[in-house]
Structures are given as structure tokens and as C-alpha cells.
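For reference, the structure discussed in these notes is given below.
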Amino acid sequence: MPDTQPHLYLVDGSSYIFRAYHRLPPLTNRHGMNTGAVYGYTAMLWKLADGLSKADGPTHMAVILDKGSSSFRNEMYDQYKAHRPPAPEDLVPQLPLIRVATRAFSIPCIEQAGLEADDIIACYVTAATNAGWKVTIVSSDKDLMQLIDDGKVDMLDTMNDRRFDRAAVIEKFGVGPELLGDVLALMGDSVDNVPGVPGIGPKTATQLIQEHGSLEAVLAAADGIKKPKLRQNLLEHADNARLSRELVRLVCEMTLPEPLDALELKNIPEAPLREFLEDQGWKTLLNRMVGQGARPSEGTRPAAPVRPAGPGEAEAISVDRAGYATITDAATLGEWIAEAKAQGRIAIDLQGDGGHGLAEGLAGISLALAPGKAAYVPLGHGEKDLLSEGPDQLGLGEGLGLLEPLLEDESVLKLGHNLKDQLKLLADRGIHVRPAEDVMLASFALDGGRFGHGLDELVKKHFEHDCLPLKAVCGTGQKAIRFGQAPVAAATEYAAENADMVWRLWHRLEHRLAAEHATRVYRLVDLPLIRTVGAMEREGVKVDRTYLADLSQTFATETAALEERIFAAAGGSFTIGSPQQLGQVLFDRLGLKGGRKGKNGNYSTDQSELERLEADGVEVARLVLDWRQLTKLRITYTDALQAQIDPKSGRVHTRYALAAAQTGRLSSTDPNLQNIPIRTEIGAKIRNAFIAEDGHSLLSADYGQIELRLAAHMADVPQLKEAFARGEDIHTITAQELFGDAGKDSRNKAKTINFAILYGISSWGLAGRLGISTEEGKAMIDRYFERFPGIKNYISTTLQKVRECGYSETLFGRKTHFPNIKSGIMNLRQGAERAAINAPIQGTSADIIKRAMVRMPGALAEAGLTGTRMLLQVHDELVFEVPHGDEEKAAAVIRDVMAHAAEPVVALDVPLSVEVGWGDNWGVAH
DNA sequence: TGAGTCACG
DNA sequence: GACGTACGTGACTCAA
């Protein structure tokens with residue numbers, strides 16, 4: 001009878017408040033006092049109490065606090081918690097407010113002199129489980145994890161929305177709750193000043209306990225341990241280990257200050273809560289909590305299942321595709337529209353019909369109003385090229401005519417997935433959808449780095465459900481049909497399911513946005529970008545087809561000549577483009593020295609390998625390199641680009657992916673216009689093919705060394721910040737610091753190091769790049785850290801944070817998760833560490849240029865630059881088309897927007913420089 | 001489909 | 001002392 005089993009929530013108030021203080025932004029109440037931590041605490045308490053009627057929600061609840069005086073542990077060990085710094089000055093006055101807030105909720109607040117909160121919690125856990133109750137400990141204190149007991153006691157970390165069970169403890173510490181105390185005893189705890197054993201951290205502690213089974217067994221076996229240092233430490237500090245074991249033991253030797261039954265969670269009386277919230281001046285909370293009645297009744301809840309859920313736990317759903325409706329008449333569509341208006345939100349999903357470009361048609365639109373309640377509205381099904389009538393359906397004109405007022409209705413929220421592409425389709429038809437929420441972008445902001453954000457993948461992750469694959473409707477390969485050619489019944493199952501899933505996903509992710517501090521990135525950066533980027537894609541960029549064709553021809557001729565010379569040198573023809581064959585020719589047939597590499601046992605023939613051969617005087621290596629360059633340029637750029645010109649607009653329309661890159665960057669596809677050659681002279685010619693429309697210039701504006709500037713700011717390196725402020729050359733300054741001179745050679749080395757450091761390079765890797773020994777590489781890195789201690793500090797604090805929280809953050813709060821940061825596979829772990837060092841910098845740069853892009857259309861319009869269009873983004877560069885005569889003015893506006901794009905959210909210690917140029921084509925503008 | 005290669009920031 | 005060797009992308013080819 002699980003329904004009637006009481007479920008006690010024990011809130012570890014003291015630990016929450018300290019973490020909230022550091023994690024939440026400062027916030028001032030009506031009296032001018034900093035109350036950020038109390039605000040967070042209050043919101044959390046509400047969230048918990050609000051879960052009363054929900055599955056696994058509390059029936060009983062208490063807040064446990066530290067009384068502040070010393071505990072019995074100090075009698076055991078006078079140094080216990082001795083080095084703990086005093087609470088921050090602006091946190092101290094918040095502490096009493098915790099009790100006030102708790103009282104406002106009419107929730108019991110328990111504290112007792114001589115006992116720490118942990119022990120009181122342990123007591124209540126024992127009492128409650130003895131009574132057959134379930135218990136959830138609301139905390140993130142690792143000591144308390146000792147109490148976890150599957151089926152009876154679990155732990156909830158509200159700040160990360162994560163639930164810990166036995167498996168989670170084993171994942172984190174390698175041992176179950178019953179052995180956790182032994183592990184903690186070996187580790188010690190510097191914050192609480194639990195001594196532990198020197199030289200033993202979490203890894204070694206876990207390993208020892210796993211191996212021997214208990215702390216006492218470890219100590220007994222200490223003599224036989226191989227590693228000399230470890231053995232000595234264990235023998236010398238055995239007493240400290242035993243003392244630590246006692247310090248981390250949770251004891252339960254008291255009578256309950258409040259009996260269990262007194263903790264029952266009842267309806268919260270409104271008056272005291274209102275009084276408290278009003279006194280603090282927290283209007284948002286007031287509206288949320290009191291505005292809907294002190295406890296929201298079942299009736300006022302939206303129909304959707306509203307439950308906060310971490311990404312880890314999937315919520316199983318049942319899906320009945322046969323239950324979806326097909327709407328083919330105006331009356332039925334009218335009913336759905338009316339219901340959407342009544343409830344104020346609707347999920348939509350457009351089904352395109354054809355390719356990606358402007359020629360794409362619209363096959364239909366699906367709608368969802370509640371979980372499982374979805375329908376498909378076919379609009380353009382049937383064979384276009386035949387005069388057949390097609391299935392029974394509302395036409396495109398009538399259907400969109402009916403939907404347009406709903407889609408543009410300010411009071412109805414439209415939910416979608418990857419709305420940028422859908423909004424583009426509608427904008428082409430004069431429909432401007434608003435307001436809207438995007439499930440893909442919400443997921444990107446919440447779970448970036450954890451998994452991909454495609455609809456199917458999200459559904460799989462969150463609901464353990466497989467969507468009907470598109471290929472089941474449209475087929476695949478040569479036999480694939482357009483969506484509009486599919487039978488309406490099959491199309492309904494696919495399309496309506498998508499809308500249904502969008503609805504469900506949004507309601508699952510919605511509250512996590514605020515709870516996990518993802519709203520800034522979502523609402524201020526990524527969501528508004530939909531419209532800006534959509535407009536850029538629609539605009540496209542003009543390319544000179546004739547010029548590209550000529551270039552293609554030149555490249556082809558030169559390639560043919562190279563091919564002949566290569567075959568002559570190789571003594572026969574082979575497929576140059578096959579690394580396998582090339583390797584055999586070079587290393588087997590010609591007998592050159594080569595290293596075996598790769599998973600297939602093939603020789604490596606990459607650029608560095610061929611350059612090595614060239615240096616040894618192997619002429620054919622140079623020929624192959626030249627052949628590769630020309631082939632690459634011809635096939636990937638000159639040929640492909642011509643084919644990508646849209647016949648309707650005569651321009652190339654790339655598509656930007658908003659939720660693809662882990663760091664928050666955009667990426668560009670079909671074609672990728674973010675990797676157009678520039679570094680080599682011959683490749684750079686391709687940039688000249690990107691031209692401006694008649695009477696216009698192409699204008700390019702790019703940030704100068706933005707990532708190094710951000711590194712200087714984020715790592716707080718005074719020398720680098722000053723150099724940037726003075727407008728000096730940063731690599732020269734680095735060369736001076738490292739080598740005492742700034743000759744060309746030193747500057748080049750410094751440049752390599754500057755970038756290498758930010759990517760977390762090893763001494764071996766740096767040595768390889770600079771052609772020096774590993775020892776010299778290490779010395780150089782050490783010297784760098786010595787001259788710029790901020791960098792070293794940045795790297796270690798960044799890694800520490802990622803190990804602790806699982807994610808890194810940009811200056812704007814964009815999170816990137818690194819699930820591999822604790823991987824036992826060193827390869828993966830070290831890869832994650834390098835990526836984690838880079839992500840905050842690359843990601844902040846991405847945030848900044850995105851903010852510039854969001855503001856740009858408004859700024860241009862305000863300056864009267866109505867003919868100027870933003871066309872392309874290449875990570876640190878924006879490309880515009882500007883009417884002749886407006887270049888100077890546009891340059892000034894663009895420069896201003898870009899240079900100040902971080903403000904006011906972030907104030908940088910370094911200026912952002914923006915270099916602007918323009919001309920007839922991209923080559924001369926850049 | 002995966003590996004290898006190479007274009008960009 | 002071995003480990004594998006710079007961050008982030010996308011497009012193309014070959015070979016299975």
C-alpha cells in the first residue's frame with residue numbers, strides 16, 4: 001500500500017544556505033539587505049512543499065538547522081571545524097531569516113545545542129524508517145549519504161535537481177553507503193578539518209576500501225602495502241584515521257525534539273506566508289505562491305504533468321498513435337484553435353515538403369493541446385505534378401488562413417522544437433509567430449554536453465520512447481518520397497506524435513530553466529537568436545558562379561598535371577585519394593620509412609607525415625600535398641558552392657545549427673560557410689567568389705583575438721590585461737615575459753604557447769609543435785604558469801568546478817556538461833579536462849557575438865541603415881551587405897554593437913577590439 | 001558507416 | 001612509469 005506510506009522530507013537548512021549564498025546571484029530585499037540565499041531557500045521550500053500531492057512528494061517535512069554551538073565532536077577532537085572561516089559578512093544577517101522563512105511556511109524547524117544538523121537528521125531517519133516511513137534527505141552533504149538505503153532513504157540535491165540512491169553513491173565513491181564512512185575517514189575533509197590520512201584522496205581511499213573491505217582491514221594490512229609513501233602514511237596516521245572514522249560517524253543519541261507525527265505537512269496558511277513575502281518585497285514569489293492560494297489545488301494546475309525532474313531520471317509514458325486526429329475541415333480546426341486560445345498554449349510542428357532551401361513547400365502542420373492529445377492538419381498532400389485531386393484536406397491557403405490569427409496571437413504561447421526553421425517557413429508566407437518557446441534551445445541551455453537535442457533523442461532520453469522514424473513514413477534512399485506524398489494516415493502518426501512530444505518535453509523542461517539558472521542564456525541569447533539567424537539564412541549571400549567555374553577549371557588542369565607526375569614517380573597509377581593505397585605506394589612500393597598507425601593498421605599519410613617525407617627530400621610527398629590541396633578546394637568549395645546556389649534567389653543560403661556545438665557556438669551546414677579557405681594564398685581566392693549585390697559592398701567585422709582577451713579577463717592576468725588595454729601585441733608581450741626578447745622566432749613560439757595553454761596541452765604536445773624536447777616543453781609551460789599564475793589558477797579552479805558540479809560555465813552562465821570528467825578511462829577523462837579548460841572561453845566568445853547579433857538589426861534600423869543586411873557569422877566575424885555610401889556609418893554602428901555586446905550583463909576588464917573592412921567581395925573586405 | 005583527411009575559428 | 005598527445009566544428013572520399 002505505497003499510497004498511504006508516509007514520506008518524510010528532512011531539509012538540511014544550514015548546508016543549503018551556504019551553498020545558495022555562493023551559487024545564487026546577490027539579491028537585495030525591500031530593506032536593502034542582501035537576501036539572495038534566503039530567497040533561494042524560500043523558493044526551494046515552496047517547490048518541495050508544493051510537491052505534496054505528487055508521486056513521491058512529501059507528506060511530512062522538517063527543516064533541520066545547526067545550532068552554532070560546538071558539538072560532541074569537539075570534545076573528541078578540539079581541532080574539529082577549527083579552520084573554518086567565519087561566514088561571509090553579508091551572509092550572517094541572513095541566517096536568522098531562515099527561521100523566519102521556515103516559520104512563514106508553518107513548517108517545523110528543528111535544532112538542538114550540542115548536536116549538528118547531520119546527527120539530528122540521522123535520528124529522524126532512524127525513527128522514521130523504524131516506523132515504516134520513506135525518507136528523503138534534502139541536502140548535498142556527502143556525510144549524509146551514509147544514511148541512504150534503497151527503498152527507504154534517498155537524498156535530493158535541489159540545487160542540481162539530482163536524486164541520490166545507492167547506485168549514485170557507488171558511482172560517486174565506488175562503495176555503498178555502509179562503507180562510505182570508512183572512505184571518508186581515509187580521505188579526511190579539509191573544510192571540517194577531519195584529518196584523514198595525508199596523501200590519500202578520494203581515489204586512493206576508494207581503492208583501498210574496495211580492496212580490503214573496511215578501514216580496520218586497511219589499517220591491519222598497511223604493513224604489506226607496496227607503495228612506500230602510502231604504507232608509511234597509513235602506519236603513521238592510523239590513529240588519525242580511526243579518529244576521523246568517529247568524526248564522520250553519524251550518531252543518534254537523543255529523543256526526538258518533535259515527534260514524527262508533528263511533522264505532518266498540512267495546507268500552508270496564507271497569512272503568515274503573505275506577510276513574510278510582502279515584507280521582503282518578493283513580488284514574483286508572492287504571485288506564484290499566494291496568488292494562486294497558499295497551496296495550489298489540483299484544480300488550478302495545468303493539465304500537463306508538472307514535475308521537476310532531473311535529466312537522469314526518465315519518465316515512462318505510453319503513447320497511442322492511433323488516438324491522434326487528422327483534421328480535414330474548418331469546423332474541427334476551429335475547435336482546436338478555440339481550445340488553444342482558452343488554455344493559452346499549444347505545441348506546433350510544421351512538416352516541410354522537399355529540400356532545405358527556399359523552394360521547400362509545406363505539407364502540413366501538427367498541433368498538441370495536452371499529453372496524448374494531438375492532431376495533424378494536412379495542407380499540401382498529394383502529387384503536385386499530376387492533376388489529381390489529392391486526399392481530403394484543407395488547402396494551404398484556407399488552413400494557414402485559419403491558423404494565422406492563433407499563431408500571431410500574443411496571448412497564446414506556441415511551443416516548438418527547432419522553431420527557427422519552422423518560423424522561416426511561416427515567415428515566407430507572411431505569418432509572424434509569437435510568442436514562442438523552443439524545446440530544443442531549452443534542452444541546449446539545460447543539458448548542453450550531456451546529449452544531443454534532436455527531438456527523437458530528447459524523447460528517448462526523457463521518456464524512454466521511440467518516435468516513429470521519418471523513414472517509416474517516407475522511405476529512404478532512392479525510393480524516398482516527399483512528406484507530402486505520404487499517405488495522410490501515416491503522416492498523421494508521425495507528425496502528431498512530434499507535436500505531442502514537443503508538448504510533453506516543454507512541460508518537463510520548463511521549470512528546470514529557472515531552477516538551474518538557465519534562463520539568461522535561453523531567453524537573452526539563444527531564443528531571440530532564432531529570428532535574427534532565420535533572417536540571415538533567408539537573406540543568403542551572392543556568389544560569382546562564373547568566377548567559381550573558372551577557378552574550378554584551373555584547379556582541375558593543375559590537378560591532372562600533378563596526377564601524371566605522381567604516377568610517374570610511383571611507377572604506376574593508383575587512387576591518390578585513398579590513404580590506404582597511398583600508404584602502400586609510399587611505404588611498401590617505394591620503401592620509404594613510415595610509422596604504422598590507425599585502427600586498420602594502415603600507414604598514416606596525413607599532412608604532417610607527408611611534410612616529414614618532403615623534408616627528407618621525397619619529391620612525391622610535395623606533389624601529393626599539392627594534389628590534395630587542389631582537389632579539396634575544387635570539390636569541396638568551387639564545385640560544391642556552385643551547386644548550392646538557390647535557383648530562386650540566385651544566392652547561397654547556409655543553415656546555422658543553434659544547438660550543435662558543445663560550447664554554444666553556431667555551426668553552419670549545407671554548405672558550411674564557416675570554413676571557407678583563407679589561410680593559404682591559393683585557397684583565399686575562393687573568398688573572392690563571395691560578392692555583394694550590385695550597388696552594395698560586402699563588409700566584414702571581426703573581433704581581434706577575442707579568446708585571448710577573454711582568457712586574460714577570466715584568468716585575471718594583469719600583464720595581459722594591461723597589454724590589451726594599451727593596444728599592444730599580445731604575443732610580443734608573452735615573448736618578452738617568457739624569453740626576455742621578442743624576436744620573430746620568440747614571438748611565434750609565444751603565439752603557439754598562448755593558444756596551447758588554453759587548450760590544455762601537455763608538455764609532450766607542445767614539444768611536438770615547437771620541435772623541442774619534452775623536458776624543454778615542460779620547462780616552458782612551468783615558466784608560463786610562473787609568469788602568469790592566474791592562468792594556472794584558472795585551469796585548476798575550472799577543473800575543480802567541473803569535477804564538483806559536472807559542468808563548466810561561461811561568463812553568461814551557459815553550462816557545458818562533461819560526463820567524462822570522472823571517467824576511469826584516462827583517454828576520455830583527459831579529453832574532457834582539455835575540453836573543459838577551453839569551453840568557458842570559447843563559449844563566452846560565442847555568447848558575446850550572439851548578443852551582438854541579437855542587437856544588430858535594431859541598432860541598424862535605429863541608425864536608419866535600412867538597406868544593410870547581416871549575412872554571415874564565422875565565430876568571431878560578421879559579414880554584412882551594405883548599400884554604397886552607407887559603409888562608414890554602418891561600420892561605426894556595427895563596431896559599437898560588437899564592442900559592447902557583453903554589457904551590461906558582464907563587465908570585461910579588457911576592451912574588445914573590432915576590425916572592420918569592406919569592398920566588392922569577401923576576400924578584400926576581410 | 002567509420003576512419004581519414006583537411007577546410008575554418 | 002605508461003598513458004596518448006590542443007579546443008570547437010562540417011564535408012568529402014574510400015573501403016567495407
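Keep in mind that the numbers below use all heavy atoms, side chains included, and drop hydrogens, waters and symmetry copies. The structure presented is a predicted model; accordingly, all values stated were derived computationally and were not measured. Order of the sequence lines fixes the chain letters, A, B, ..., with proteins taken first and strands second; residue numbering starts at 1 for each chain.
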Residues K778(A) and D782(A) bridged, charged N to O under 4.0 Å: yes
Smallest separation among heavy atoms of I795(A) and I757(A), with atom names: CD1-O, 4.1 Å
Grab the NZ-C1' distance between K685(A) and dA7(B) for me, whole Å please. 17 Å
Would you sort out whether T631(A) and T559(A) count as a side-chain hydrogen bond (donor to acceptor under 3.5 Å, both in side chains), showing the intermediate values? CA-CA 7 Å; T631(A) 311; T559(A) 310; 4.6 Å; no
Other residues, nucleotides and ligands only: do more than 12 of their heavy atoms fall within 6.0 Å of CD on E457(A)? yes
Looking at D526(A) and R814(A), is there a salt bridge between them, counting it only when a charged N and a carboxylate O are closer than 4.0 Å? yes
Choosing from dT9(C), dG9(B), dA11(C), which nucleotide comes nearest the side chain of T669(A)? dA11(C)
Please work out if I678(A) contacts a base, only the sugar-phosphate, or nothing of the nucleic acid, heavy-atom cut-off 4.0 Å. sugar-phosphate
Using a heavy-atom cut-off of 4.0 Å across all strands, would you classify R679(A) as base, sugar-phosphate, or nothing? base
Salt bridge check, R622(A) against D626(A): does any charged N sit closer than 4.0 Å to a carboxylate O? yes
Grab the NE2-P distance between H875(A) and dC7(C) for me, whole Å please. 16 Å
Under 4.0 Å between a Lys/Arg side-chain N and an Asp/Glu carboxylate O for K424(A) and E537(A)? yes
Would you call E809(A) and K801(A) a salt bridge, taking side-chain N to carboxylate O under 4.0 Å as the test? yes
Decide, yes or no, whether a salt bridge links D438(A) with K420(A) under the criterion of side-chain N to carboxylate O below 4.0 Å. no
Which one, dG10(C), dT5(B), dC8(B), comes nearest to the side chain of A660(A)? dG10(C)
Applying a 4.0 Å non-hydrogen cut-off, can you work out what S845(A) is touching in the nucleic acid: base, sugar-phosphate, or nothing? nothing
Ion pair present between K822(A) and E833(A), side-chain N to carboxylate O less than 4.0 angstrom? no
Taken to the nearest whole Å, CZ/R655(A) to P/dG10(C) is 12 Å
When you measure only distances, ignoring hydrogens and angles, does the side chain of R769(A) come within 3.5 Å of the base of dA6(C) through a donor and an acceptor? yes
Identify which nucleotide among dA11(C), dA6(C), dG8(C) has an atom closest to any side-chain atom of Y759(A), counting heavy atoms from C-beta outward. dA6(C)
Remember a base hit wins even if backbone is also touched, and classify T631(A) as base, sugar-phosphate or nothing at under 4.0 Å, heavy atoms. nothing
Please find out if less than 6.0 Å separates the ring center of Y522(A) from that of F444(A). no
Base, sugar-phosphate, or nothing for N672(A), non-hydrogen atoms under 4.0 angstrom? sugar-phosphate
Could you state the OH-P distance from Y656(A) to dC8(B), rounded to the nearest angstrom? 16 Å
Between R665(A) and E707(A), does at least one N-O distance fall below 4.0 Å, as a salt bridge requires? yes
In whole Å, measure the gap between the P atoms of dG4(C) and dA7(B) for me. 28 Å
Ignoring hydrogens and angles, are the base of dT5(C) and the side chain of S762(A) linked by a donor-acceptor pair under 3.5 Å? yes
What is the distance, to the nearest angstrom, from the CG atom on L633(A) to the P atom on dA11(C)? 17 Å
For nucleotides dA6(C) and dC8(B), find the distance between their C1' atoms and express it as a whole number of Å. 16 Å
Distance, rounded to the nearest Å, where I761(A) contributes CD1 and dC3(C) contributes C1': 16 Å
Starting from C1' on dG1(C), measure out to NZ on K227(A) and report it in whole angstrom. 11 Å
Taking atom P of dC8(B) as reference, at what distance in whole Å does atom CG of L641(A) sit? 14 Å
Answer yes or no: side-chain N or O of Q607(A) and base N or O of dC6(B) forming a donor-acceptor pair under 3.5 Å. no
In this structure, which stretches of DNA chain C are paired as stems of three or more consecutive Watson-Crick or G-U pairs, both distances less than 3.5 Å? B:1-9 with C:7-15
For nucleotides 12-14 of chain C, tabulate all protein N/O to nucleotide N/O atom pairs closer than 3.5 Å, reporting atom names and distance.
from	atom 1	to	atom 2	distance (Å)
dC14(C)	O3'	S578(A)	OG	3.2

Quick test of your reading of the model: are E881(A) and R651(A) salt-bridged, counting only N-O distances below 4.0 Å? yes
With a 4.0 Å cut-off on heavy atoms, is S763(A) in touch with a base, just the backbone sugar-phosphate, or nothing at all? nothing
How would you label the contact of Q662(A) with the nucleic acid (heavy atoms, under 4.0 Å): base, sugar-phosphate, or nothing? sugar-phosphate
Just to be sure I understand the geometry, which residues of residues 804-835 of chain A put a non-hydrogen atom under 4.0 Å away from DNA chain C? M826(A), N827(A), R834(A), A835(A)
